[in-house]
Protein chains: 2
Amino acid sequence: MTREPSKPASFAQNDLGTIGGAHRLQRRFSPGSELIHEGQLKASVFVLLGGWTFSYKMLPNGGRQIMDFQLPGDFLGLRGIIFGSADHSIEAATHVEASQLAASDVRDAIGNSPRLASAVLRAIARNEAMVLEHLVNVGRRSGEERLAHLLLELHARLKLRGLADKKGFDCPLTQFHLADALGLSAVHVNRVLRHLREAALVTFQNGRVDFDNIDSIQQLAGFDAAYLHQNETLRHSGSEILISMQ
Amino acid sequence: MTREPSKPASFAQNDLGTIGGAHRLQRRFSPGSELIHEGQLKASVFVLLGGWTFSYKMLPNGGRQIMDFQLPGDFLGLRGIIFGSADHSIEAATHVEASQLAASDVRDAIGNSPRLASAVLRAIARNEAMVLEHLVNVGRRSGEERLAHLLLELHARLKLRGLADKKGFDCPLTQFHLADALGLSAVHVNRVLRHLREAALVTFQNGRVDFDNIDSIQQLAGFDAAYLHQNETLRHSGSEILISMQ
DNA sequence: CGAACCTTTGAGCGTCCTCAACCTGCGTGG
DNA sequence: CCACGCAGGTTGAGGACGCTCAAAGGTTCG
């Protein structure tokens, strides 16, 4: 199955619907602050303009499971507008700039535009596909494989947005973030990172991830970017929500 | 937060749309046979009428991660109609009776009925919420907690359909199924089951799960049925798809 | 009645965890 | 400007949880 190289610059864009501009709000968050809190009733929808966030759940024993990282351009909190309350928290990992949309406005826009509704449906389905792959990752792969898989996923997603080059990408995550996403301890993540570095596969140092040998690491991790469904993306531009397809 | 006891018998039902009856097909599957194969292009949608199935992904090294179990009344393969191909396989765990709907028919029905589209959206979102909880389970809970959590989830879902009583339920799964759902080995599942039995918490023997002390096991597992969003259910009746809300 | 599948138990081992110490870089305040 | 505190990274030691391999008993079904 040969795959064409992605050409992020040559999108054919079809607008799918507009969101009433009245209640849009540009907001900033500093690292560690919460955009959405688990259980929050009238949670908003955000569009990440800059910075990274992550969604997570806390456990009674103090453990934290990070479910996903959100990168610039990503929507977050979409599922919250369906259930009326958030079933997870979202926290800023870096300084974050985000556009906030009132849940009711988004709901109305979806109701008025079948094409927008369809786009949201696909966005949620794509999201679930990612979470599924994370489940496979955590459930059935070794520490090395998990870590490699996560870094490869981030790389693939960032590359599509022009935020990564062939070699690697800037990564603001701490080893604690990686640990809580992978179901490992931070100490063990550190050791696995060292191991991957010594094996000349990936290097994660000083906020920068560099792949020494991306082919062999993809094989090690069993990584196939197909589950990301990157050929289409729900995006945000001005007062509109766009869907872009290659 | 007190929760009303569920009353499965007193649904108020609103029909949401009809599926063209032409291409519906009643089918039977025997244990171990596949309803949907990963990568399959024109995968159908099924409604489980009787029996259990499970969705899973295989890994290059031979490992298997079960993502979810489907119980009578559940829809399966909904995400396949969005992407056009299945990103996971679905296998019958027991003898299964299912109603098969052509993907194109379902797509058309969704396109023609915004309310049906909304119901499907909610069904997919609910599905994702379940998978998310499975991710938390596998990523951050001990073997005992995972197993207890899974059994409690199955119990809660079956109870809503009248397929379980207060004490427990009939469970056709093998210890291999449990292991592959929980990211454990079958041998270890066996030991954990013994441990739970000796601690007088749950007993799983001869295809029957019985909770000895459901309160303390819920606390052990950190189980809260809220994520199942059981107050509404997408259901199938005759030639219609119904959404039921309490 | 045999075969296949599932469960159960033992033994030994490896991955990953916890606890703990120490180092670095960085921002803040005296 | 330096002192300090703090967050994050690194490394060691010891132990727990869960794995693999192996063998034996039970069930089910053709």
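In the text below, chain A, chain B and the rest are named by the order of the sequence lines, each starting its count at 1. Source: prediction; values computed, not measured. When reading the values below, keep in mind they use all heavy atoms of this one structure, side chains included, and skip hydrogens, waters and symmetry mates.
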* **Touch class at under 4.0 angstrom, heavy-atom based, for Arg194(B) against every strand present** =>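 Result for Arg194(B) = sugar-phosphate.
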* Describe the nucleic acid contact of Val192(B) in one word from base, sugar-phosphate, nothing, applying a heavy-atom distance below 4.0 Å. =>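 The answer is nothing, as Val192(B) stays clear of every strand by at least 4.0 Å.
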* Side-chain heavy-atom pair Gln230(A), Lys159(A) within 4.5 angstrom cut-off ->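 Gln230(A) does not reach Lys159(A) side chain to side chain.
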Name every donor-acceptor pair, under 3.5 Å, that has one atom in a side chain of residues 185-202 of chain A and the other anywhere in the protein, sequence neighbours excluded.
{"unit_1": "Ser185(A)", "atom_1": "OG", "unit_2": "His188(A)", "atom_2": "N", "d": "3.2"}
{"unit_1": "Asn190(A)", "atom_1": "ND2", "unit_2": "Gln175(A)", "atom_2": "OE1", "d": "3.1"}
{"unit_1": "His195(A)", "atom_1": "ND1", "unit_2": "Glu144(A)", "atom_2": "OE2", "d": "2.2"}

Exam field: side chain [X] to backbone [Y], donor-acceptor pair closer than 3.5 Å:
| X | Y | answer |
| --- | --- | --- |
| Glu38(B) | Ala86(B) | no |
| Gln40(B) | His37(B) | yes |
| Thr94(A) | Val96(A) | no |
| Ser99(A) | Val47(A) | no |
| Glu153(B) | Leu150(B) | no |

* Asked: From the 5' end of DNA chain C to its 3' end, which nucleotides mark the outer limits of contact with chain B, defined by a 4.0 Å heavy-atom distance cut-off (strictly under)?
  ->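 Footprint of chain B along DNA chain C, 5' to 3': dC6(C) to dA11(C).
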* If you fit an axis to the five pairs at each end of the helix from dC1(C)-dG30(D) to dG30(C)-dC1(D), how big is the angle between those two axes, to 10 degrees? -> 40°
* Asked: Pairs in or reaching into residues 127-153 of chain A: which pass ring-ring contact (aromatic ring centres under 6.0 Å, His included), with residues at least two apart or in two chains?
  -> His149(A)-Phe223(A), His149(A)-Tyr227(A)
* Structure fact -> Note: contacts of residues 174-185 of chain B with DNA chain C (heavy atom, under 4.0 Å) are Thr174(B), Gln175(B), Phe176(B)
* Evaluate the salt bridge (charged side-chain N to carboxylate O under 4.0 Å, His left out) criterion for residues Asp74(A) and Arg157(A): first the C-alpha distance (whole Å), next the side-chain angles of each, then the deciding distance (0.1 Å), finally the verdict. => CA-CA 10 Å; Asp74(A) 279 341; Arg157(A) 291 169 64 192; 2.9 Å; yes
* Asked: Near DNA chain D, under 4.0 Å by heavy atom, which residues of residues 135-150 of chain A?
  -> none
With [X], which residues qualify under salt bridge (Lys or Arg N to Asp or Glu O under 4.0 Å), at least two apart?
| X | answer |
| --- | --- |
| Asp180(B) | Arg140(A), Arg64(B) |
| Asp170(B) | Arg208(B) |
| Glu34(A) | none |
| Glu133(B) | Lys57(A), Arg141(B) |

* Using the six-membered ring wherever Trp is involved, compare the ring planes of Phe69(B) and His177(B) and label them parallel, tilted or perpendicular (cut-offs 30° and 60°). => perpendicular
* Structure fact -> Min and max contacting nt of DNA chain D in 5' to 3' order, chain B heavy atoms within under 4.0 angstrom, are dG18(D) to dC21(D)
* Taking only residues two or more places apart in sequence, or in another chain, which ones meet Phe46(A) in a ring pair (Phe, Tyr, Trp, His ring centres under 6.0 Å)? ->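 Once residues adjacent in sequence are excluded, the partners of Phe46(A) under the ring pair (Phe, Tyr, Trp, His ring centres under 6.0 Å) criterion are Phe29(A).
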